[in-house]
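Treat the numbers as computed from the prediction; the structure is a model and nothing was measured. A, B, ... follow the sequence lines: proteins, then strands. Residue 1 opens every chain.
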There are 2 protein chains.
Amino acid sequence: MKKGHQITMKEIAKKLGVSVSTISRALKDSPELHPETKRKIVEMAKEMNYQPNLLAQSLRISRSKTLGVIVPEITSHFFASCISGIQDTANTRGYNVMICQSNESLELEKANIRTLVSSQVDGLLISLSRETNQFDHLYDLYNREINFVLFDRVNEEIPVSKVTFNDVGGAYQVVKHLLEGENRRIVYVSGPEDLYISKKRKEGYLKALKEFGIDIDPTLIFKSDLTTEGNIEVAKAIAEMQPRPDAVFCMIDPVAVDVLTQWKSVGIKIPQDMALAGFTNNPTAAVVEPPLTTVAQPGYEMGKLAVSHLLDQLDGIASDDPISIVLETTLVPRKSSQHFDLKK
Amino acid sequence: MKKGHQITMKEIAKKLGVSVSTISRALKDSPELHPETKRKIVEMAKEMNYQPNLLAQSLRISRSKTLGVIVPEITSHFFASCISGIQDTANTRGYNVMICQSNESLELEKANIRTLVSSQVDGLLISLSRETNQFDHLYDLYNREINFVLFDRVNEEIPVSKVTFNDVGGAYQVVKHLLEGENRRIVYVSGPEDLYISKKRKEGYLKALKEFGIDIDPTLIFKSDLTTEGNIEVAKAIAEMQPRPDAVFCMIDPVAVDVLTQWKSVGIKIPQDMALAGFTNNPTAAVVEPPLTTVAQPGYEMGKLAVSHLLDQLDGIASDDPISIVLETTLVPRKSSQHFDLKK
DNA sequence: CTGTTAGCGCATTCAT
DNA sequence: ATGAATGCGCTAACAG
C-alpha cells in the first residue's frame, strides 16, 4: 500500500515561515493581504503542487459540493444519458457527483441513500427502482430536510420537485400515429402496475383510443414483467390471438425489440402482419429490422434540468417549494408502424 | 435552501450524559465497554437516526473508502458495464465510487484526476480518452504514490497494474473466422493510431493473415476517426473498391453498424456481397439485420477484476508491484459473416 | 470500563 | 496585514 502523501497548507506555511491562516487567505484571494505575500504563497503552492483537501474543506464549511445520484441501472442507455447530463452540468457549476445504481432493488435504493447521506452530499437526484412501492425512505429524507429531486421514475405523492416526461402525451402521440395509420385493434404491453411510467403511458393509450371513438378492450392490454422471458411470453400470446391485432404498442423499446425478435423467429412479418411501436428511442430501436417506431426521450436534457433545479435550490436561486418540470417527447415514426400504409 | 441537519455523536453524548469517545467506542462495537452502556447507546443512536459523518471519519483516519473512476463516456454500453462491475464489487467491499467521464478529452481527463485526488479518493480506476497521447498526468500520479489501475484503454509504458482484453487474440479469432469462411481479401477498419486497442487489433488481424499465408495489402487497411461521418466515408470508399473485398473487419461495433447502414442505403447486401464483423458485442450488434458477427468483451467482469485488484493493493492483500491482467474474449459468430457460406 | 486530550486539514473570528 | 485560537465530527492514545 502506497503512501500517497498530499501537500497541506501547514507544509507551505512552514516553508514560507508564515501562519496557516495566511496561506488559507492567500489561496482564496482574500483582499486584506499584502500582494507580495500573496504572490509568493500562490507561487509556492503551485510549485509544491498543492491540492486542497476537499474533505477537510467540506467538513469545515458543512457543504461537500457533492451530489448523489441514484438510478435503477447505469447500463441502460437512457439512464446513462441522464447521468451524463447531470455530470456535465454539475461539474460546470462546481459540484462533484457520486453515482449509485439500485439494480431495481428497493433495499439497495435505501442502502444507497444511506451511504450518500452519510457521505454528506448536498443533495440527491433519484430515479426510483421498479421494486419501490413504498416510500418511507423518501419521506424520511423529506422530514430530515435533505434536498432531493426525483426524475423519470417518480412518485406523485411526495412533495418534492420532480422532472418527468409527458408520458401520457408521448403514448398518446404514438397511439394516435398508429390510429392514423388506420390500425384499430391496438395492443398495449404494460409493465408492473406500480411503475409510474407504465400507468402514465396506459393513460395516453386510453386517451387516444377514446378520442378516436374506439371502445376499450381489456383483452388487448397485456402485462410483462419486463424480463426477456416475460416479453417473449407476451409476444407468443399476442401471436396466438384470433384474429391478430393490427398493432402493438410496447411500454418500452426493449420489450418491443424482444417481441420483434420472437416474431421474426416464427415468421411473423413487421409491419406487414402487425404494426409495432416502442417508447424511449434506445439506440437499438434505430438499427433493428425494420427500424422501430418509438418516442424519443431526451435523457441528457432531463439530467441537465433535474440537476440545474436542484443546484438552484441549493444555491438559493430557486425556492424550496416543489415544482414539476415536464419534458415533451418526440414521436419517431419508422418503418415498423407502416402496417396499413404498405397495403395501399 | 434547507438545513438538512444531521445528528452527531456529540448530541447523543449529551442526551445520555456520557462522553463522545464512549459513543464512538459503542458504535464501533469496542470490547472494552460495559455491555449495558453499549446497548443504551446503540439504541439511542438508532432512535435518533444517527448516521456517521463519513467526511469527518475519512479526514480522521486519512482514508476515504472512496474510489475514483474515469471513463471516456458513460453512455457507451461497454463502459457502463465496467462501471456496473466496479460499483457492485466496490460496494460489497465497503467502498464508494465517484465516477467521471472524460468525454474523450485529455483536458477533462486531467481535470477529473485533479478533483478526484482532491476528494481524497483512496485509488483510481482509469480508462484513457482517445485524445490521450501524452501521459504526464499519469506519471504524476505515479510519482505521488497514488494508487491507480488502468483498464481497457491503457498505456503500455506506465508501470502500474493494467486490466486489458486479449485484443490481439480477439482480432485474430474473428479474422481467422473470416478466413475459414474462405474470405481472402479482408479489410481492417482501424481508429486513431494512438489508440491502444486499435493497434492491438491490427496486430491480431495481421497475425491471422500471416498464419493463412496471405500477403499484407496496405490498401486494405482503412482508418476512421470513429465519428459517424468518418465511418460513412470509409463505408463509401470500401464500396467503391474494384474489385470489392470479401470481408470487412471493423475495430469496434459502432463502426460496423454505420458501415452496414450506409451499405444498406445503397443496396449492398450483407453477407451476400461482403462479410462484415465488429468487435465488443454491443447490444446493437445482436439486433441489426443481419446480426453482426463480433467479439464479446465482458465489461462487467473487467470492472470487477480491475477494482478487486486495486482494493487488494489498498488493503495490502496484493503487492504494489504492477501486474497485467488479460481477459479473454469470445467470438460471437452471427449471420453478417456468412459470406461464402451462403454461396454454397 | 470510561473520560480527557489531541489532531486530521481547513476557514474564520478575534486579536494585535 | 498577519498570527493565534477555535471548531467542523470523529478516532485513538493516554490516563485513570
- Whole-Å distance separating the CG atom of Leu16(B) from the C1' atom of dT2(C): 13 Å
- Message: Under 4.0 Å from OP1 or OP2 of dG3(C): is there any side-chain N or O of Thr22(B) that close?
- Response: yes
- Query: So what does Ser62(B) hit on the nucleic acid, given a heavy-atom distance under 4.0 Å: a base, only sugar-phosphate, or nothing?
  - Reply: nothing
- Describe the nucleic acid contact of Val20(A) in one word from base, sugar-phosphate, nothing, applying a heavy-atom distance below 4.0 Å. nothing
- Note on the structure: note: Gln57(A), atom CD; dG9(D), atom C1'; distance rounded to Å ~ 17 Å
- If every non-hydrogen atom of Pro52(A) is compared with every non-hydrogen atom of Ser118(B), which pair is closest and at what distance? O-OG, 3.3 Å
- Query: So which of residues 24-40 of chain A are in contact with DNA chain C, with a heavy-atom cut-off of under 4.0 Å?
  - Reply: Ser24(A), Arg25(A), Lys28(A)
- Note on the structure: Of the listed dA5(D), dC8(D), dC10(C), the closest approach to the Ser21(A) side chain comes from dA5(D)
- Considering only NZ, NE, NH1 and NH2 on the basic side and carboxylate oxygens on the acidic side, decide whether Lys110(A) and Asp136(A) come within less than 4.0 Å. no
- Message: Salt bridge check, Arg63(A) against Asp315(A): does any charged N sit closer than 4.0 Å to a carboxylate O?
- Response: yes
- Query: Atom CZ of Arg63(B) and atom P of dG9(D): how far apart are they, to the nearest Å?
  - Reply: 24 Å
- Nearest atoms (heavy-atom pairs only) where Glu131(A) meets Leu106(A): OE1-N, 3.2 Å
- Message: Hydrogens and angles aside, do Tyr300(B) and Asp88(B) bring a side-chain donor and acceptor to less than 3.5 Å of each other?
- Response: yes
- Message: Starting the side chain at C-beta, find the nucleotide from dA12(D), dC10(C), dG9(D) nearest to Leu59(A).
- Response: dG9(D)
- Distance, rounded to the nearest Å, where Leu55(B) contributes CG and dT11(D) contributes C1': 15 Å
- Message: What is the separation between atom CD1 on Ile12(A) and atom C1' on dG9(C), rounded to the nearest whole Å?
- Response: 12 Å
- Message: Measure NZ/Lys65(B) against P/dT11(D) and give the value in whole Å, please.
- Response: 13 Å
- Item | Upstream residue (5' side of DNA chain C) when Arg60(A) and Ser19(B) are each assigned their closest nucleotide | Ser19(B)
- Task: May I ask you to decide whether Arg93(B) forms a salt bridge with Asp312(B), counting only side-chain N to carboxylate O separations under 4.0 Å?
- Result: yes
- Quick one: Ile41(A) CD1 to dT2(D) P, roughly how many Å, whole number? 8 Å
- Basic-acidic side-chain contact under 4.0 Å: Glu43(B), Lys40(B): no
- Task: May I ask you to verify if any side-chain N or O of Tyr50(B) is less than 4.0 angstrom from the OP1 or OP2 atom of dG9(D)?
- Result: no
- To the nearest angstrom, how far is Lys10(B) atom NZ from dG3(C) atom C1'? 16 Å
